[in-house]
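Data first, discussion second: the structure below is written as structure tokens.
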Amino acid sequence: MYGRIGSTNTLAVFTAASQTGAIQRAIPDPKVVQAVGSAAGAFTAAVSIYGTTGNTTTNGVLLGTISLSGTGTATDGFAFSAPWPYIYAVSTVTAFTGSPTVTVYLGV
């Protein structure tokens with residue numbers, strides 16, 4: 001679980017075509033999610049952020065999807081205030097040149 005207002009932590013780091021990140025406990029304050037993707041060439045990726053009441057990465061409620069597309073790097077994100085006690089991310093990298101990496105940050 002991350003702590004104080006103004007703090008940021010890494011929610012997930014994805015290095016394969018499709019992955020589910022680990023579940024994280026979240027405080028009920030408004031939050032921001034940012035995904036940063038990079039690859040040696042062009043890539044397209046989507047990261048879906050889920051909230052859940054249980055400590056599991058199944059049956060979560062979709063809070064939003066971040067779409068990334070570019071050559072080299074791309075970033076995007078969104079803010080939300082839903083008080084879900086647990087948060088997790090799921091990535092889908094649909095096209096890439098080189099080894100893609102998508103890092104998802106969660107902050108308050």
Side-chain angles (χ1 to χ4, degrees):
M1 181 163 113
Y2 63 100
R4 300 181 175 99
I5 301 257
S7 67
T8 302
N9 75 319
T10 302
L11 182 60
V13 177
F14 301 113
T15 57
S18 295
Q19 292 179 293
T20 298
I23 192 109
Q24 288 202 21
R25 182 107 169 108
I27 60 176
D29 294 325
K31 299 162 202 60
V32 293
V33 179
Q34 179 184 12
V36 179
S38 63
F43 72 97
T44 302
V47 177
S48 297
I49 307 299
Y50 292 88
T52 183
T53 57
N55 190 9
T56 179
T57 58
T58 57
N59 300 320
V61 174
L62 179 64
L63 302 176
T65 300
I66 301 168
S67 297
L68 302 175
S69 181
T71 300
T73 62
T75 186
D76 202 355
F78 64 89
F80 66 97
S81 60
W84 293 101
Y86 297 95
I87 305 292
Y88 66 97
V90 176
S91 77
T92 305
V93 179
T94 55
F96 60 91
T97 303
S99 300
T101 299
V102 177
T103 305
V104 183
Y105 300 99
L106 178 65
V108 288

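Just so you know, these numbers use all the heavy atoms, side chains as well, and skip hydrogens, waters and symmetry mates.
With sequence neighbours excluded, no residue forms a side chain to side chain contact (heavy atoms under 4.5 Å, CB included) with S67. In terms of the side chain to side chain contact (heavy atoms under 4.5 Å, CB included) criterion, residue partners of T92 (sequence neighbours excluded) are, by chain and number, S18, T94. With sequence neighbours excluded, no residue forms a side chain to side chain donor-acceptor pair (under 3.5 Å) with T10. Residues satisfying the side chain to side chain contact (heavy atoms under 4.5 Å, CB included) test with S69, not counting sequence neighbours, are T44. By the side chain to side chain contact (heavy atoms under 4.5 Å, CB included) test, A74 is found to be paired with F43, L68, residues two or more places apart in sequence or in another chain being considered. With sequence neighbours excluded, the residues forming a side chain to side chain donor-acceptor pair (under 3.5 Å) with S48 are T65, listed by chain and number.
V47 and V90 fall into different hydrophobic clusters, where Ile, Leu, Val, Met, Phe, Trp and Tyr are joined by side-chain heavy atoms under 4.5 Å apart, directly or via other members. In this structure, I66 is a member of the same hydrophobic cluster as F80, with clusters built from ILVMFWY side-chain heavy atoms closer than 4.5 Å.
Among pairs with a residue in residues 10-33, none fulfils ring-ring contact (aromatic ring centres under 6.0 Å, His included), at least two apart in sequence or across chains. Applying the side chain to side chain donor-acceptor pair (under 3.5 Å) test to residues at least two apart or on different chains, the pairs with a partner in residues 55-64 are T56-T58. Pairs passing the side chain to side chain donor-acceptor pair (under 3.5 Å) check and including a residue from residues 78-90, sequence neighbours excluded, do not occur. Sorted by first then second residue, the side chain to side chain donor-acceptor pair (under 3.5 Å) pairs that include residues 98-108, not counting sequence neighbours, number zero. Sorted by first then second residue, the ring-ring contact (aromatic ring centres under 6.0 Å, His included) pairs that include residues 15-37, not counting sequence neighbours, number zero.
Scanning all heavy atoms of the two residues, the minimum distance from L106 to K31 falls at CD1-CB, 4.0 Å. Nearest heavy-atom pair, S38 versus T73, reported as atom, atom and distance to 0.1 Å: CB-CG2, 3.8 Å. When all heavy atoms of A89 and A12 are compared, the closest pair comes out as CB-CB, 4.5 Å. The shortest heavy-atom contact between V32 and A79 is CG1-CB, 3.9 Å. Closest heavy-atom contact between V93 and P100: CG1-CG, 4.1 Å. Closest approach of G60 to T52, counting heavy atoms only: CA-CB, 4.1 Å.
In this structure the side chain of I49 reaches within 4.5 angstrom of the side chain of L11, judged on heavy atoms.
Distance check, rounded to the nearest 0.5 Å: OH of Y50 to CG of L63 gives 9.5 Å.
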